[in-house]
Amino acid sequence: MARTGRPPQDPARRLERAHRILDAATELILRWGYDKTTIDDVAQRAGVAKGTIYLHWKTRDELFTALLRRERVRLVAEVREREPATPGELFGLFALALLGRPLMRAMLSGDSEVLGKLTRRKRDSGPRLPLGGPLDAYAEELAEIGAIDGDPREQVIVITAIVYGFLFLPDAKPPDERIAELVTTTVERTLSPGGPLPPGGEQAVARATRRFLDAMTEAAQQKLALSLEV
């Protein structure tokens, strides 16, 4: 006997609705902060019922996790579209993309006005760029090519310090584009092995950079897909 009741909603419509809810949550969190933004507020702004949000995410924290995962996917896509070929270009573009995403910047800096109680999560996890495991593999590959000098694990720490340092400069910061240029130059000079690359080295570095972005894209999209399951 056939089951009766409401037919399943089209997956494309469910996905569109989820993104509409995330758009509303982003706007409100940036305006009021996480602590002051309620599910009721998000539902009203997104034009859906409160219960509809719980069809997507069981808690407000889960919704926020999905929001950050979407930001990471978009950030990586923005960098990838520019086709960086060197570590300096890569992290310069990465810094520029971060500067244009207030929510990601707030998460990296532990901005209590925006994140409220979530700043504790940030303090507990410590300073970390939203790049995941692929960054370690990328540094290892660059070392094998001869494109960076020193221990790859230490160079990951150095890269993190450079990007953080420029992203969170004190007052009188230069324009975002100039910060990106400074990150590019600093990373290139810091990671340089001090001599020319072996034959074919530039092409190998470009391929490694593309593989790194491909790995980041895949990892970010997989995590976002988990957060958008209904």
Donor-acceptor under 3.5 Å ([X] side chain, [Y] main chain):
X      : Y      : value
Gln155 : Asp149 : yes
Arg69  : Lys223 : yes
Glu16  : Ala12  : no
Arg60  : Thr37  : yes

Minimum heavy-atom distance Ile39-Ile53, with the two atoms named:
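So the two residues come closest at O-CD1, 3.7 Å.
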For the student: nearest non-hydrogen atoms of Ala25 and Leu63, plus distance
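Closest approach of Ala25 to Leu63: CB-CD2, 3.5 Å.
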For the pair Phe94 and Phe91, name the ring-plane relationship: parallel under 30°, tilted 30 to 60°, perpendicular over 60°.
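Rings of Phe94 and Phe91: perpendicular, over 60°.
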Give the intermediate values and the outcome of salt bridge (Lys or Arg N to Asp or Glu O under 4.0 Å) for residues Asp214 and Arg80.
CA-CA 8 Å; Asp214 288 343; Arg80 192 180 186 188; 2.4 Å; yes
List the steps, then state whether side chain to side chain donor-acceptor pair (under 3.5 Å) holds for Tyr54 with Thr59.
CA-CA 7 Å; Tyr54 289 118; Thr59 67; over 6 Å; no
Does the pair Arg211 and Glu141 meet the rule for a salt bridge (Lys or Arg N to Asp or Glu O under 4.0 Å), with working shown?
CA-CA 10 Å; Arg211 280 193 291 271; Glu141 188 169 2; 2.2 Å; yes
Between His19 and Arg70, is there a side-chain donor-acceptor contact under 3.5 Å, judged purely by atom types and distance?
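Yes, side-chain donor-acceptor contact under 3.5 Å.
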Begin with the C-alpha distance, continue with both residues' side-chain angles, and end with the deciding distance and a verdict on side chain to side chain donor-acceptor pair (under 3.5 Å) for Thr86 and Glu188.
CA-CA 8 Å; Thr86 68; Glu188 295 285 10; 2.5 Å; yes
Answer whether the closest heavy-atom distance between the side chains of [X] and [Y] falls below 4.5 Å.
X      : Y      : answer
Arg74  : Arg101 : yes
Arg105 : Val114 : no
Ile157 : Thr160 : no

Derivation of the side chain to side chain contact (heavy atoms under 4.5 Å, CB included) call for Val156 and Tyr138:
CA-CA 9 Å; Val156 169; Tyr138 178 52; over 6 Å; no
